[in-house]
Student: 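If you scroll down you'll find the structure; I have some questions about it.
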Amino acid sequence: MAIRSGTQRRREAILGLLKTGSWSIPRLAGALETSESTIRRDLRDMAADGEIIRTIGGAAAAGYVEPPLGERMEQQAEAKDAIAARALAHLDDARVRTVFLDAGSTAVRLAERIRDRSELTVVTRGLEIALTLAHPAGPTVIMIGGAVSTLSHGTTGALSDHALARIHVDIAFLGADAVDTAQGLGEPSLDEARTKELIAERAGAVIVLADSSKAGREVAAWAPMPPGWTWIDEHGEHTQG
């Protein structure tokens, strides 16, 4: 049966929006001025045709992927430098000895600033982080194993979860694809979200390093954060209840 022209136009519009990243059903309905039930039917049919990938509460275009780490290193460079400089102040406390440093482009900026902090032990799941810090005068580096993402170069999965459940750190510096003061940290996959949630549970303090462009993004999965976590963006620090 042929698709009616109005339905076809709406689905083409949906696909255009999804090519920018993941969108929730309510947001799609609002943008296209239609009902959520209509969007659900469209997404169901489009997923069956292989045009899109369903996510929790929404969808993304089948061809959409997170930008590679090298590309993200060049984006929002000034903001990331400002965030890393503010984050460094949290390591001035002499009681801080064990730190988790997440995979990601902003975390690399912080790693470059602590290469000579031999008194620290840094636990990381980021390959670039480990390589940046692994030199004779640097911190003790503990690399968390697991499946390596070809985009973020961070580890996730069962092996990663097993290790993270058995450690405790004074401070965890986490990156994120999206930040929401109510939902926590947004990630492109359930595995990534689970990893963030696990380490947040094992940290004395949680500090999120993410520029302001990460606010309000639509993503596939969310990791709730414990009360009192801090978000550092290029404008300053924001402590979340």
Side-chain angles (χ1 to χ4, degrees), residues 69 72-73 75-115 117 119-126 128-129 132-133 139 141-142 144 152 154-156 160-161 164-165 167-188 192-219 221-241:
L69 181 62
R72 286 184 285 121
M73 286 291 293
Q75 297 171 349
Q76 304 287 339
E78 290 185 6
K80 291 172 182 177
D81 284 335
I83 292 167
R86 285 195 174 94
L88 192 62
H90 288 269
L91 297 178
D92 290 339
D93 188 333
R95 294 170 296 180
V96 174
R97 284 292 181 266
T98 306
V99 175
F100 180 85
L101 195 49
D102 204 359
S105 55
T106 307
V108 171
R109 297 292 211 285
L110 179 55
E112 291 169 346
R113 288 167 165 77
I114 60 171
R115 294 189 76 243
R117 298 288 294 270
E119 78 279 11
L120 295 177
T121 294
V122 177
V123 181
T124 186
R125 67 184 194 93
E128 273 81 7
I129 304 298
T132 297
L133 297 177
V141 180
I142 299 174
I144 297 295
S152 71
T155 57
T156 59
S160 175
D161 290 353
L164 291 174
I167 66 170
H168 184 275
V169 296
D170 298 317
I171 297 178
F173 293 102
L174 303 180
D177 271 25
V179 182
D180 183 275
T181 56
Q183 297 188 86
L185 307 189
E187 294 299 324
E192 290 275 356
R194 174 60 178 159
T195 298
K196 309 286 173 132
E197 185 177 3
L198 264 177
I199 190 57
E201 293 171 352
R202 308 297 298 168
V206 176
I207 299 175
V208 176
L209 310 179
D211 67 77
S212 59
S213 72
K214 306 290 183 69
R217 282 186 178 178
E218 298 289 344
V219 291
W222 290 91
M225 292 289 105
W229 61 282
T230 297
W231 174 17
I232 299 179
D233 65 12
E234 67 272 28
H235 304 299
E237 297 191 12
H238 320 273
T239 300
Q240 314 302 320

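Values below: every heavy atom of this structure, side chains too, minus hydrogens, waters and symmetry copies.
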Student: Could you walk me through whether V141 and I129 pass side-chain contact (heavy atoms from CB on, under 4.5 Å), step by step?
Tutor: CA-CA 9 Å; V141 180; I129 304 298; over 6 Å; no

Student: Is there a side-chain contact (heavy atoms from CB on, under 4.5 Å) between W229 and L174? Walk through the geometry before answering.
Tutor: CA-CA 11 Å; W229 61 282; L174 303 180; over 6 Å; no

Student: Do the side chain of T124 and the main chain of L101 share a donor and acceptor less than 3.5 angstrom apart?
Tutor: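 Yes, the answer is positive, given that a donor and an acceptor are paired below the 3.5 Å cut-off.
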
Student: Would D170 and R97 count as a side-chain contact (heavy atoms from CB on, under 4.5 Å) if you check the C-alpha gap in whole Å, the side-chain angles of each, and the deciding distance to 0.1 Å?
Tutor: CA-CA 7 Å; D170 298 317; R97 284 292 181 266; 3.9 Å; yes

Student: How far apart are the closest heavy atoms of W231 and A215, and which atoms are they?
Tutor: CH2-CB, 3.8 Å

Student: When rounded to the nearest 0.5 angstrom, what distance separates CG in D161 from CD1 in I199?
Tutor: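 Reported value, rounded in 0.5 Å steps: 11.0 Å.
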
Student: List the steps and the verdict of side-chain contact (heavy atoms from CB on, under 4.5 Å) for T195 and E187.
Tutor: CA-CA 10 Å; T195 298; E187 294 299 324; over 6 Å; no

Student: Report yes if the side chains of R115 and T132 come closer than 4.5 Å at any heavy-atom pair, otherwise no.
Tutor: yes

Student: Closest heavy-atom contact between I83 and A210?
Tutor: CD1-C, 3.7 Å

Student: Provide the closest heavy-atom pair for G126 versus A103 in the form atom of the first, atom of the second, distance.
Tutor: CA-CB, 3.7 Å

Student: Between R125 (side chain) and T156 (backbone), is there a donor-acceptor pair under 3.5 Å?
Tutor: no

Student: Evaluate the side-chain proximity of P226 to E201: yes if any heavy-atom separation is below 4.5 Å, no if none is.
Tutor: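 They are not in contact (no side-chain heavy atoms under 4.5 Å apart), so the answer is no.
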
Student: Identify the heavy atoms of A178 and W222 that sit nearest to each other, and give their distance.
Tutor: CB-CH2, 3.8 Å

Student: Does any part of the side chain of R117, heavy atoms only, come nearer than 4.5 Å to the side chain of V122, both counted from C-beta?
Tutor: no

Student: Charged N to carboxylate O under 4.0 angstrom, K214 versus D233?
Tutor: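 So K214 does not pair with D233 through a salt bridge.
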
Student: Output yes when a side-chain donor or acceptor of K80 lies under 3.5 Å from a complementary backbone atom of A107, and no otherwise.
Tutor: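 No, K80 side chain to A107 backbone: no donor-acceptor pair under 3.5 Å.
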
Student: Of all heavy-atom pairs between A223 and E197, which one has the smallest distance, and what is that distance?
Tutor: CB-N, 4.0 Å

Student: Any chance you could measure I167, atom CD1, to T121, atom OG1, to the nearest 0.5 Å?
Tutor: 11.0 Å

Student: Looking at CZ of R194 and CG of L164, how far apart are the two atoms once the value is rounded to the nearest 0.5 Å?
Tutor: 9.5 Å

Student: Rounded to the nearest 0.5 Å, how far does OG1 of T181 lie from CE of M225?
Tutor: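 The CE atom of M225 sits 13.0 Å away from the OG1 atom of T181.
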
Student: Could you check if a side-chain atom of R113 sits within less than 4.5 angstrom of a side-chain atom of D81, using non-hydrogen atoms only?
Tutor: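 Side chain of R113 against side chain of D81, heavy atoms only: contact under 4.5 Å found.
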
Student: Side-chain contact, heavy-atom cut-off 4.5 Å: F100 with R202?
Tutor: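 Result no, sub-4.5 Å side-chain heavy-atom pair not found.
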
Student: Quick one: CG on L91 to CD1 on I171, what's the gap to the nearest 0.5 Å?
Tutor: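 Result: 5.5 Å between the selected atoms.
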
Student: Could you check whether any side-chain heavy atom of V169 comes within less than 4.5 Å of a side-chain heavy atom of T98, counting everything from C-beta outward?
Tutor: yes

Student: Can you tell me if R86 uses its side chain to pair, donor with acceptor, with the backbone of E234 under 3.5 Å?
Tutor: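 Such a contact is found between R86 side chain and E234 backbone.
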
Student: Nearest heavy-atom pair of R109 and A84: which atoms, and what distance?
Tutor: CB-CB, 3.6 Å

Student: Heavy-atom distance under 4.5 Å between the side chains of L88 and L110, does that happen here?
Tutor: yes

